Each structure stands twice: as structure tokens, then as C-alpha cells.
2 protein chains.
Amino acid sequence: MLVDDHPLLRKGLSQLISLEDDLEVICEASSGEEAIATLTHCKPDLILLDLEMKGINGLETLSEIRKLNIQSKVIMLTVSDNETDVLQALKFGADGYLLKDAEPEEIISQLYKALGGELVLSPALNQIIARSIQGTMSTPTIFEKLTKREVEVLKLITQGASNKVIGRTFSITEATVKVHVKNLLKKLNLRSRVEAAVWAVENKITL
Amino acid sequence: MLVDDHPLLRKGLSQLISLEDDLEVICEASSGEEAIATLTHCKPDLILLDLEMKGINGLETLSEIRKLNIQSKVIMLTVSDNETDVLQALKFGADGYLLKDAEPEEIISQLYKALGGELVLSPALNQIIARSIQGTMSTPTIFEKLTKREVEVLKLITQGASNKVIGRTFSITEATVKVHVKNLLKKLNLRSRVEAAVWAVENKITL
DNA sequence: AGTAAACTACCCCTAAAGTAGTAGTTATTA
DNA sequence: TAATAACTACTACTTTAGGGGTAGTTTACT
């Protein structure tokens, strides 16, 4: 099964797969919602799931799929080698994480491996995984540790708001905002609101 | 001609195009550099050019192509509907700007239009174009107005560096760094280094 | 020779950010 | 009931940022 909001990419993949005698695309979806709906009547051995999609994203889709107790293998297919994404995907029970810029032949061979029960990862990700195993991660899925308020504050920081403005927005004092900023910086192991803003943007904290 | 660093997408496109009797893919490239090299011996009527690529990006590639006085039509094909990118592309002489998430049929029909001399744009971009014509743009290609030093400073800001650190990095005083920051904020019409950092990240100023 | 832009550096000043510690309230959970 | 986490608020302090102006140097282009 192919899940990707780019018809072009689906076309490319399905053509590639159709060249293989023992592989077949039995269903497709262009969004996470559609994928979950389709999975009620389509039971693929393997799902190739895009990470970047409108609506619910790939990670959320994966999480839903696992909640529904669907046994298909799931391989994330994406352009991003973002550390947080990779680790989240594996945590949510992905059977693989491949980068879209890989060679087509490599992708196909990885599909077979995954079907055989192997955990497949793009070579480019080895370093990330290694670091996470060593516990040397810079971003050990810290984001979820932020409280609701801290996330709200972070979002406004990303928009360039000062502590004073943030305070007015939430009807709290600037002093309290400073507390939130201090705490979120500590949790994210960052040193300034600038770093926090960049981190938030790069990790696509939705505004 | 197809230029995209994702083999999968090239495959999808070329399959799509091969279904058309009067269209044919005569060459491909997986990077800007490769594209420019290939264009010395391959003269396509139309080039489909990805924006996001490693090495020199799509815009730079387009600029090079125009400098070489190559007469092929060029359509930018990308996932981003970023205002700056769109306007830059048109300024550099693109004959079209299409989003990758468009329907395949639509993309094909746009190719014909472009070959006919039309300027083709994804419908999703209409609003952006309209605003730019009205001069209401938030980002009127301001970036190129930054001096070399200002760009360097901006890059370090994005990495969370303080003015003091930036000064040490370039062996200039903190006071001078402040001058650069002040000037670049004015040029970009931003109010703080946080906004500058976010702007830089969102517009992919390469670090 | 003259002009303009870029880079440098300084002054003065205000505002904003960040650090540290204390502490009260509420809600949840063990 | 006791403990914990989250949110709030404060004081006090230091550092960083940002705005304004002036001005010297170099480089490049008239």
C-alpha cells in the first residue's frame, strides 16, 4: 500500500514495484485519513507511508494504524532525516525509515528485507541511530515533555513576540512568561529564545 | 528534460510523460550541476526543474541556465509555495511554477501550455502573485540586498550566537556586529533577531 | 577626482532577556 | 492524605539587544 499526498511519487513507486514479480500495489491513499479508512477493507503486507502530509501527518497516521492493531509492516518514506522524526517513528513501531532520495533499486531491496521482518533504515540514518543508542541524543523526543503553556509560549516566540507581548496574550505577567521561557529552554537544552525559535521551526511545531 | 534529485519522482514523471504521444523525456539529471553539464549536449524544449536540491539549488540552476542563454522553457516543480521562491523564480525567467502535489493530469496539461508559450502557475499560487502585483508583498526579494557580512551575521544568529560571539568569530567588535544586525533587520523589515532567525530558516538560507 | 557602498568602531541610552530563588494555588495521582 | 506537576507571581540582579548618531577606512565604479 502506498500513502503519499504526491500523486507523482505514488506513480513512480507503483511503476517501480510493478516491475517486481512478487510485489504488487493493492491500494493507495493520498492522506493519513484516507489511509486509515482504506485499511478497513484493504490488508496490505506492507505500507509505505509518507511523513509530510497535509491533515494528519505520517507519524500520527502510524500511531493510529498501530492503535487499530493492524499488523501490516510500515515503512516511513520521507525526505527528512530529522532526528526527532526518525526516533519518533521507531518508537511508534515503524518497521523502517527510508529517505526518498535513495536509489530506486535500494528502496526495492529494502522492501523485501522489511517483508522478511528486518528493520530497514537508510544508511544516512546510521549515525543518528547510533547516537540515540548511546544516549548522546541532542533531542531525545524532548518535545513532548513541554507543558501546554510552554508550547504556547514557544509558538509565540517563534513569531517574534517579546515576553511582554506573550504575557498580554495569555493575560499573565511578563515575569511568569520568563519562568516558562526559562523552563522550556532548560527542557530543550537550549540557550536562548533564538535557538528555541529555530528549533521549533525546524521541527515544524505547527503554529 | 527532468531535473530532480529524487529518482522516484523522475520515474513517476517520466512514466506519466511517456503516456503522451507528443511528449518525450530526452534527458535527466539528478542535480543542478549535472543539469547544466547535460545541457551542453541535450537541447530539450522544456525543462522541469526541482527547487529543492543538494548542491546548487533550483533557483541557482535556473539562473545559470539563463546566463548560458539556453532557450529551453523552464518550469519549476516544487513542494514549496514559498512567496520568495515563486517571485525569485519568475524574476529569473521561469516559464512556470508548479506544485508537486498537483494532479498528474493537470501537470501534463500545464506542460502543453508552457510549450505553447504560456506562463503556467499552480492555482494555489494565484494569491501570492496577485499580492506581488499589488506591491503588497511581505518579502519583495529583499534578501539579495543584504551584504556579505550581513548574511554571515544572520547565519550565526540562526545558530543562536550572541553579538559578542559573532564578533569574536569574525574578529570585529560587538559594537560593529550590532551595526550589522541593526542594518539587516531594517533591510528585512523585521523587529528582532528572533524574527530574523525564523525568516532565515524558513527561507532556507544555507548554513 | 569624486561618489557611493561596505565595513569598521565608538558614544549614549532604553528595553528586553535571562538567571536564581521563593512561594502560593490548583488539579491530579499515588 | 500526601506528594507531584503545572501555573502563577514576585524580587533582585546581570547580560544582551536594539535604536540613534557620528565617523574613519577601503574598494569599486564613475
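Computed from a predicted structure; not experimentally measured. Proteins get letters first, then strands, A, B, ... in listed order; numbering begins at 1 in each.
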Engineer: Measure CG/A/Leu146 against C1'/D/dA5 and give the value in whole Å, please.
Structural biologist: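 Whole-Å distance recorded here is 14 Å.
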Engineer: Nearest-Å distance, CD (A/Glu150) to C1' (D/dA6)?
Structural biologist: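 Interatomic distance, CD of A/Glu150 to C1' of D/dA6: 9 Å.
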Engineer: Sequence neighbours left out, what pairs pass salt bridge (Lys or Arg N to Asp or Glu O under 4.0 Å) with at least one residue falling in residues 58-76 of chain A?
Structural biologist: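 Checked against salt bridge (Lys or Arg N to Asp or Glu O under 4.0 Å) - neighbours excluded - the pairs reaching residues 58-76 of chain A are A/Glu64-A/Lys67, A/Arg66-A/Asp95.
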Engineer: Please report the distance, rounded to the nearest Å, between CG in B/Asn189 and C1' in D/dG19.
Structural biologist: 15 Å
Engineer: Provide, to the nearest angstrom, the distance between the CD1 atom belonging to A/Ile172 and the C1' atom belonging to D/dC7.
Structural biologist: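 That distance rounds to 8 Å.
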Engineer: Give the intermediate values and the outcome of side chain to side chain contact (heavy atoms under 4.5 Å, CB included) for residues A/Lys100 and A/Asp50.
Structural biologist: CA-CA 9 Å; A/Lys100 280 182 179 174; A/Asp50 185 26; 3.1 Å; yes
Engineer: Rounded to the nearest angstrom, tell me the gap between atom CG in A/Asn163 and atom P in D/dC10.
Structural biologist: 15 Å
Engineer: What residues from residues 176-186 of chain B pass a heavy-atom cutoff of under 4.0 Å to DNA chain D?
Structural biologist: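 The stretch gives B/Lys178, B/Val181, B/Lys182 as the residues lying under 4.0 Å from the strand, ordered by number.
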Engineer: Using side-chain heavy atoms (C-beta onward) and a distance below 4.5 Å, is A/Asp4 in contact with A/Leu13?
Structural biologist: no
Engineer: Each nucleotide in nucleotides 23-30 of chain D should get exactly one letter: B, S or -. Can you fill that in based on protein heavy atoms under 4.0 Å?
Structural biologist: --------
Engineer: Side chain to side chain contact (heavy atoms under 4.5 Å, CB included) between B/Asn163 and B/Arg193: does it pass, once the steps are laid out?
Structural biologist: CA-CA 10 Å; B/Asn163 292 338; B/Arg193 67 207 287 108; 3.0 Å; yes
Engineer: Any idea which heavy atoms bring B/Thr38 and B/Cys27 closest together, and the distance?
Structural biologist: CG2-CB, 4.0 Å
Engineer: If we ignore hydrogens and angles and just use 3.5 Å, is the side chain of A/Glu150 paired with the main-chain N or O of A/Leu146 as donor and acceptor?
Structural biologist: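 No; judged by distance alone, with no hydrogens or angles, the pair does not exist.
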Engineer: Would you call B/Glu152-B/Lys155 a salt bridge at under 4.0 Å N-O?
Structural biologist: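 Salt bridge flag = no for B/Lys155 with B/Glu152.
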Engineer: Go nucleotide by nucleotide along DNA chain C from the 5' end; which of A/Lys164 and A/Arg191 gets its closest nucleotide reached first?
Structural biologist: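 Upstream on the strand: A/Lys164.
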Engineer: Pick from B/Leu111, B/Ile47, B/Leu49, B/Ile107: which one makes a side-chain contact (heavy atoms from CB on, under 4.5 Å) with B/Ile75?
Structural biologist: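 Among B/Leu111, B/Ile47, B/Leu49, B/Ile107, the one that satisfies the side-chain contact (heavy atoms from CB on, under 4.5 Å) with B/Ile75 is B/Leu111.
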Engineer: Pick the nucleotide of DNA chain C nearest each of B/Val194 and B/Lys148; which residue has the one closer to the 5' end?
Structural biologist: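 Going by which nucleotide is closer to the 5' end, it is B/Lys148.
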Engineer: Which whole-number value in Å describes the distance from B/Leu156 CG to D/dA17 C1'?
Structural biologist: 16 Å
Engineer: Between D/dT16 atom C1' and B/Ile157 atom CD1, what is the distance in whole Å?
Structural biologist: 12 Å
Engineer: What is the distance, rounded to the nearest whole Å, between atom CD of A/Glu174 and atom P of C/dA17?
Structural biologist: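 Value for this atom pair: 7 Å.
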